[in-house]
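The model shown is predicted, which means the values in this text are computed figures rather than measured ones. We name chains A, B, ... by the order of the sequence lines, and we start the count at 1 in each one.
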Amino acid sequence: ETGVTQSPTHLIKTRGQQVTLRCSSQSGHNTVSWYQQALGQGPQFIFQYYREEENGRGNFPPRFSGLQFPNYSSELNVNALELDDSALYLCASSLDRSSYNSPLHFGNGTRLTVT
Amino acid sequence: ILNVEQSPQSLHVQEGDSTNFTCSFPSSNFYALHWYRWETAKSPEALFVMTLNGDEKKKGRISATLNTKEGYSYLYIKGSQPEDSATYLCAPHYGQNFVFGPGTRLSVLP
C-alpha cells in the first residue's frame with residue numbers, strides 16, 4: 001500500500017511568482033484535500049477534489065486553484081504569491097468525499113517560503 | 001467561521017506522568033471528530049475517529065472521550081513516554097470539511 005507523497009519538500013519563491021505543489025494519494029483513495037498550516041495555527045482547509053472535480057472550498061482566494069487527475073493525484077497552484085502564503089501545505093487523501101468516519105491520510109507536506 | 005480551540009497550547013510532563021488535554025468546538029451540525037498525532041518531521045497520523053454514535057475510544061495508553069451536546073473532547077495519556085512527544089490535533093467535521101484546532105504540543109521528558 002503506497003502512502004501519500006508530496007513534492008517538493010521545500011520551495012522558495014519570490015512575491016508575485018506562481019507555484020505548483022504535487023500530491024499522490026494513497027492507493028484506493030479517490031478524494032484529496034489540501035490544507036495550509038501557518039506558523040502557530042492548525043491546518044486550514046483550502047479545497048477538496050473528488051473524482052477530478054472541486055468538491056468544497058475553504059476561505060481562500062481564487063488565486064489558489066487545483067486539479068485532480070484520473071489516477072487521483074492532485075496539484076495545488078498558487079498564483080501571484082504573497083508573503084503571507086509562506087506556510088506548510090499538507091495534502092490528505094481519504095476513501096470518499098463524505099468519509100468523515102474514515103481517517104485522513106496525510107503527506108509530509110511542502111514547506112513554501114515566499115520572499 | 002467555526003472556531004475550534006485546544007488547551008493547553010503546550011505542556012511538558014515527566015516520563016510516567018498521566019496527562020490530558022481539551023478540544024472544544026461548536027456542537028451544532030457536526031458529524032464526527034478526529035484526533036491526530038503529529039510528530040516532528042513526520043505527517044499527521046490518525047489516533048481516533050469519534051462518531052456521534054460513540055463517545056469513548058481507547059488505544060493502549062491513550063483514550064479519548066467526546067461530549068456531543070456541549071462540544072468538547074478530552075484526550076488522555078496514561079503513563080506518558082518520550083515517544084508520546086508530539087503535537088495533538090483535533091478536527092471536528094461539519095458536513096463538508098474538517099476544521100482543525102491549533103493543537104497541543106506535548107513534550108515528555110525522560
K.L.:
For residues A/Leu11 and A/Leu83: do they belong to one hydrophobic cluster (side chain heavy atoms under 4.5 Å, members Ile, Leu, Val, Met, Phe, Trp, Tyr)?
P.N.:
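Hydrophobic grouping puts A/Leu11 with A/Leu83.
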
K.L.:
Taking atom CZ as the centre, does A/Arg15 end up with more than 12 heavy-atom neighbours from other residues, nucleotides or ligands that are less than 6.0 angstrom away?
P.N.:
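Not more than 12 within 6.0 Å, no.
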
K.L.:
Can you name the residues of residues 32-39 of chain A that have some heavy atom under 4.5 Å away from a heavy atom in chain B?
P.N.:
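Residues A/Tyr35, A/Gln37 are the ones that qualify, each having a heavy atom under 4.5 Å from chain B.
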
K.L.:
Give a yes or no on this: more than 12 heavy atoms of other residues, nucleotides or ligands lie within 6.0 Å of atom CD of B/Glu83.
P.N.:
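Yes, enclosed.
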
K.L.:
Who among A/Asn108, A/Val4, A/Leu104 has the most heavy-atom pairs with chain B under 4.5 Å?
P.N.:
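That would be A/Leu104.
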
K.L.:
Near A/Asn71 CG, under 6.0 Å, is it more than 12 heavy atoms from other residues, nucleotides or ligands?
P.N.:
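Yes.
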
K.L.:
Is the number of heavy atoms from other residues, nucleotides or ligands under 6.0 Å of B/Tyr94 OH greater than 12?
P.N.:
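Result for OH/B/Tyr94: enclosed.
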
K.L.:
Going by the angle between their ring planes, with limits at 30° and 60°, are A/Tyr100 and B/His93 parallel, tilted or perpendicular?
P.N.:
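Plane angle between 30° and 60°, so tilted.
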
K.L.:
So which atom in B/Thr51 and which in A/Asn101 form the shortest heavy-atom distance, rounded to 0.1 Å?
P.N.:
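Closest approach of B/Thr51 to A/Asn101, heavy atoms only: CG2-OD1, 3.1 Å.
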
K.L.:
A/Ser102, A/Gly109, A/Gly40: which one forms the most heavy-atom pairs within less than 4.5 Å of chain B?
P.N.:
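Looking at each of A/Ser102, A/Gly109, A/Gly40 in turn, A/Ser102 comes out on top.
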
K.L.:
Do any of residues 32-48 of chain B come closer than 4.5 Å to chain A, heavy atom to heavy atom, and if so which ones, in number order?
P.N.:
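Hits under 4.5 Å: B/Ala32, B/His34, B/Tyr36, B/Trp38, B/Lys42, B/Ser43, B/Pro44, B/Ala46.
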
K.L.:
Considering residues, nucleotides and ligands other than B/Gln81, do more than 12 of their heavy atoms fall under 6.0 Å from its CD?
P.N.:
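Count over threshold, so yes.
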
K.L.:
Would you compute the distance between atom CG of B/Leu2 and atom CZ of A/Phe45 and round it to the nearest 0.5 angstrom?
P.N.:
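Separation between the atoms: 12.5 Å.
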
K.L.:
Heavy-atom cut-off 4.5 Å, strictly under: side chain, backbone, both or neither for A/Ile46 against chain B?
P.N.:
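For A/Ile46, no heavy atom lies under 4.5 Å from chain B.
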
K.L.:
Hydrophobic cluster membership, with links at side-chain heavy-atom distances under 4.5 Å among I/L/V/M/F/W/Y: are B/Tyr74 and B/Tyr88 in one?
P.N.:
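No, because B/Tyr74 and B/Tyr88 fall into different hydrophobic clusters, even though each may have its own neighbours under 4.5 Å.
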
K.L.:
Is it the case that one hydrophobic cluster holds both B/Leu52 and B/Met50, taking links as side-chain heavy atoms less than 4.5 Å apart, direct or via other members?
P.N.:
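In one cluster with B/Leu52: B/Met50, yes.
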
K.L.:
State yes or no: do A/Phe60 and A/Val78 share one hydrophobic cluster built from I, L, V, M, F, W and Y residues joined by side-chain heavy-atom distances below 4.5 Å, directly or via other members?
P.N.:
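Yes, same cluster.
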
K.L.:
Count the heavy atoms of every other residue, nucleotide or ligand shown that sit under 6.0 Å from CZ of A/Arg57, and state whether that count exceeds 12.
P.N.:
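Result for CZ/A/Arg57: enclosed.
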
K.L.:
Going hydrophobic residue to hydrophobic residue with side-chain gaps under 4.5 angstrom, can you get from A/Leu67 over to A/Phe47?
P.N.:
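In one cluster: no.
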
